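What follows is a short report on a single structure.
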Amino acid sequence: MKKKFYAVAVGRRTGIFTDWPSAEGQVKGFAGAKYQSFPSREEASAWLENPVYAKKEHCSSGRAPVQVCPEQRPGAIIVFTDGGCSNNPGPGGYGIVIEENHEEREMSGGFRLTTNNRMEMMAALIALETLREWRTPIDLYSDSSYLVNGITKDWARKWRSNGWCKADGGAVVNVDLWQRLLLLAEALDVRFHWLKGHAGHAGNERCDKLAVAAARQPELPVDEGYQGAAGGEEDEC
């Protein structure tokens, strides 16, 4: 976890705090509380001199003053995920940023031969498996309409109930990942949200960099679910 500095401009006590529990005690339940987190004490001090929230449309991954993402639930763990591969299919990687209590952690990994869709799904899957013991609400943000629509529009549940066949009778691909994702989505209080990729969302941009770096690592493992099946891409139900 990277150290944060929490600037409280309006609260029970004001000033700069070096841990979230101390800062939270000053603002939680305090009407009109005003606070921000920063990566350095200097930035926190500068903001306290003029505590105005930056007008940004993108969500934060902790590298800028904390912004509330669209549809973010109060107190929820925030998860950003991204994935991709070269040539599709080709070497691929995924990246994850998890934000909880104004602290963040990053995760990434890759495979020697896989697809874009599988890496988008794998990012969400690994993130949720990491949080499977938590009972806190989770808001997951991805730029993959395939992943998000597969869950929020019930495509995957319909495919499962239809024996993993699409409405046109064709076989569903990436069944191994859909099966695991559905189990996690049904066990956790998680909501999937789509956001536009490469549009200035700090969390999404960081995940993209993690995924690209992971895909370039030497001696990547085999994606058994892809190489052991027909593979391929699927974008519609």
Side-chain angles (χ1 to χ4, degrees), residues 59 69-71 78-98 107-131 138-188 190-201 203-212 214-215 223-237:
C59 307
C69 300
E71 302 180 73
I78 306 304
V79 177
F80 293 94
T81 66
D82 197 18
C85 70
S86 300
N87 300 321
N88 195 35
Y94 62 84
I96 301 163
V97 173
I98 299 175
M107 305 169 67
S108 63
F111 296 91
R112 67 183 66 173
L113 181 64
T114 187
T115 68
N116 284 332
N117 281 343
R118 286 186 67 81
M119 291 299 91
E120 296 279 13
M121 296 173 69
M122 186 65 75
L125 179 60
I126 296 298
L128 294 182
E129 285 184 339
T130 300
L131 300 169
I138 302 166
D139 283 311
L140 188 149
Y141 295 85
S142 169
D143 62 11
S144 170
S145 57
Y146 173 73
L147 165 67
V148 175
N149 288 340
I151 298 296
T152 62
K153 294 187 177 181
D154 281 334
W155 294 356
R157 290 187 179 90
K158 292 175 183 177
W159 294 333
R160 181 176 63 183
S161 64
N162 199 34
W164 296 107
C165 291
K166 296 184 292 183
D168 63 4
V172 174
V173 297
N174 304 321
V175 172
D176 61 317
L177 301 184
W178 283 121
Q179 288 175 320
R180 293 164 64 187
L181 272 169
L182 280 177
L183 290 175
L184 288 164
E186 291 164 354
L188 295 167
V190 56
R191 294 181 185 177
F192 286 71
H193 308 278
W194 180 84
L195 53 77
K196 186 177 181 180
H198 306 290
H201 296 269
N204 176 260
E205 296 289 351
R206 179 57 183 164
C207 288
D208 178 69
K209 291 180 180 178
L210 290 170
V212 170
D223 181 353
E224 298 285 356
Y226 178 72
Q227 293 194 239
E233 291 292 295
E234 167 137 13
D235 295 309
E236 299 178 346
C237 61

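Just so you know, these numbers use all the heavy atoms, side chains as well, and skip hydrogens, waters and symmetry mates. Just so we're clear, the structure is a prediction, and the values are computed from it rather than from any experiment. Note that the numbering runs from 1 along the sequence shown for the chain.
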Q.
I want to check something: taking the side chain as every heavy atom from C-beta on, are Tyr226 and Pro89 in contact at a cut-off of under 4.5 Å?
A. yes
Q) Nearest heavy-atom pair of Ile96 and Leu210: which atoms, and what distance? A) O-CD1, 3.7 Å
(Q) To the closest 0.5 Å, what do you measure between CG (Leu147) and CG (Asn117)? (A) 9.0 Å
Q. Rounded to the nearest 0.5 Å, what separation is found between the CG atom of Asn204 and the CZ atom of Arg206?
A. 12.5 Å
Q.
Could you check whether Arg160 pairs with Asp154 (Lys NZ or Arg NE/NH1/NH2 to Asp/Glu carboxylate O, under 4.0 Å)?
A. no
Q. Would Leu182 and Ile151 count as a side chain to side chain contact (heavy atoms under 4.5 Å, CB included) if you check the C-alpha gap in whole Å, the side-chain angles of each, and the deciding distance to 0.1 Å?
A. CA-CA 8 Å; Leu182 280 177; Ile151 298 296; 4.1 Å; yes
**Q.** Worked check of side chain to side chain contact (heavy atoms under 4.5 Å, CB included) between Met122 and Leu177
**A.** CA-CA 7 Å; Met122 186 65 75; Leu177 301 184; 3.9 Å; yes
(Q) Between Glu120 (side chain only) and Asp82 (backbone N and O only), is there a donor and an acceptor less than 3.5 Å apart? (A) no
Q. Hey, is the main chain of Lys158 close enough, under 3.5 Å, to the side chain of Ser161 for a donor-acceptor pair?
A. yes
Q. Is there a donor-acceptor pair under 3.5 Å between the side chain of Asp139 and the backbone N or O of Ile78?
A. no
Q | Pair Tyr146 and Trp178, ring centroids less than 6.0 Å apart | A | yes
**Q.** Donor-acceptor contact present, side-chain Trp159 to main-chain Lys166, <3.5 Å
**A.** no
(Q) Could you walk me through whether Arg157 and Glu186 satisfy the side chain to side chain contact (heavy atoms under 4.5 Å, CB included) test, starting with their C-alpha distance in whole Å, then the side-chain angles of each, then the deciding distance to 0.1 Å, before giving a yes or no? (A) CA-CA 10 Å; Arg157 290 187 179 90; Glu186 291 164 354; 3.5 Å; yes
Q: Determine yes or no for a side-chain-to-main-chain donor-acceptor pair under 3.5 angstrom, with Asp168 supplying the side chain and Gly170 the backbone.
A: yes
**Q.** Closest contact, heavy atoms only, Trp155 versus Asn149
**A.** CH2-CB, 3.7 Å
Q.
With a 4.0 Å cut-off on N to O distance, would you call Arg118 and Asp223 a salt bridge?
A. yes
Q | Over all atoms of both residues, closest heavy-atom pair of Met119 and Tyr94 | A | O-CB, 3.6 Å
Q.
In the structure I gave you, are the side-chain heavy atoms of Val79 and Val97 within less than 4.5 Å of one another anywhere?
A. no
Q | Taking every non-hydrogen atom, the tightest pair across Leu140 and Ala124 | A | CD1-CB, 3.9 Å
Q) To the nearest 0.5 Å, what is the distance between NE2 (His193) and OH (Tyr141)? A) 4.0 Å
Q. Are any side-chain N or O atoms of Asn116 and backbone N or O atoms of Cys85, one a donor and one an acceptor, separated by less than 3.5 Å?
A. yes
Q. Say you draw a straight line from CG of Leu184 to CG of Leu125; how long is it, rounded to the nearest 0.5 Å?
A. 6.0 Å
Q: Measure the CE-OG1 distance between Met121 and Thr115 for me, rounded to the nearest 0.5 Å.
A: 9.0 Å
Q | Closest non-hydrogen atom pair, Ile126 against Thr130 | A | O-OG1, 2.8 Å
Q) Taking all non-hydrogen atoms of both residues, which atom of Gly95 and which atom of Ala123 are closest, and how far apart? A) O-CB, 3.9 Å
Q) Taking atom CD of Gln227 and atom OG1 of Thr114, what is their separation to the nearest 0.5 Å? A) 8.5 Å
Q: Give a yes or no on whether the backbone of Cys165 and the side-chain of Asn162 come within a donor-acceptor separation of less than 3.5 Å.
A: yes
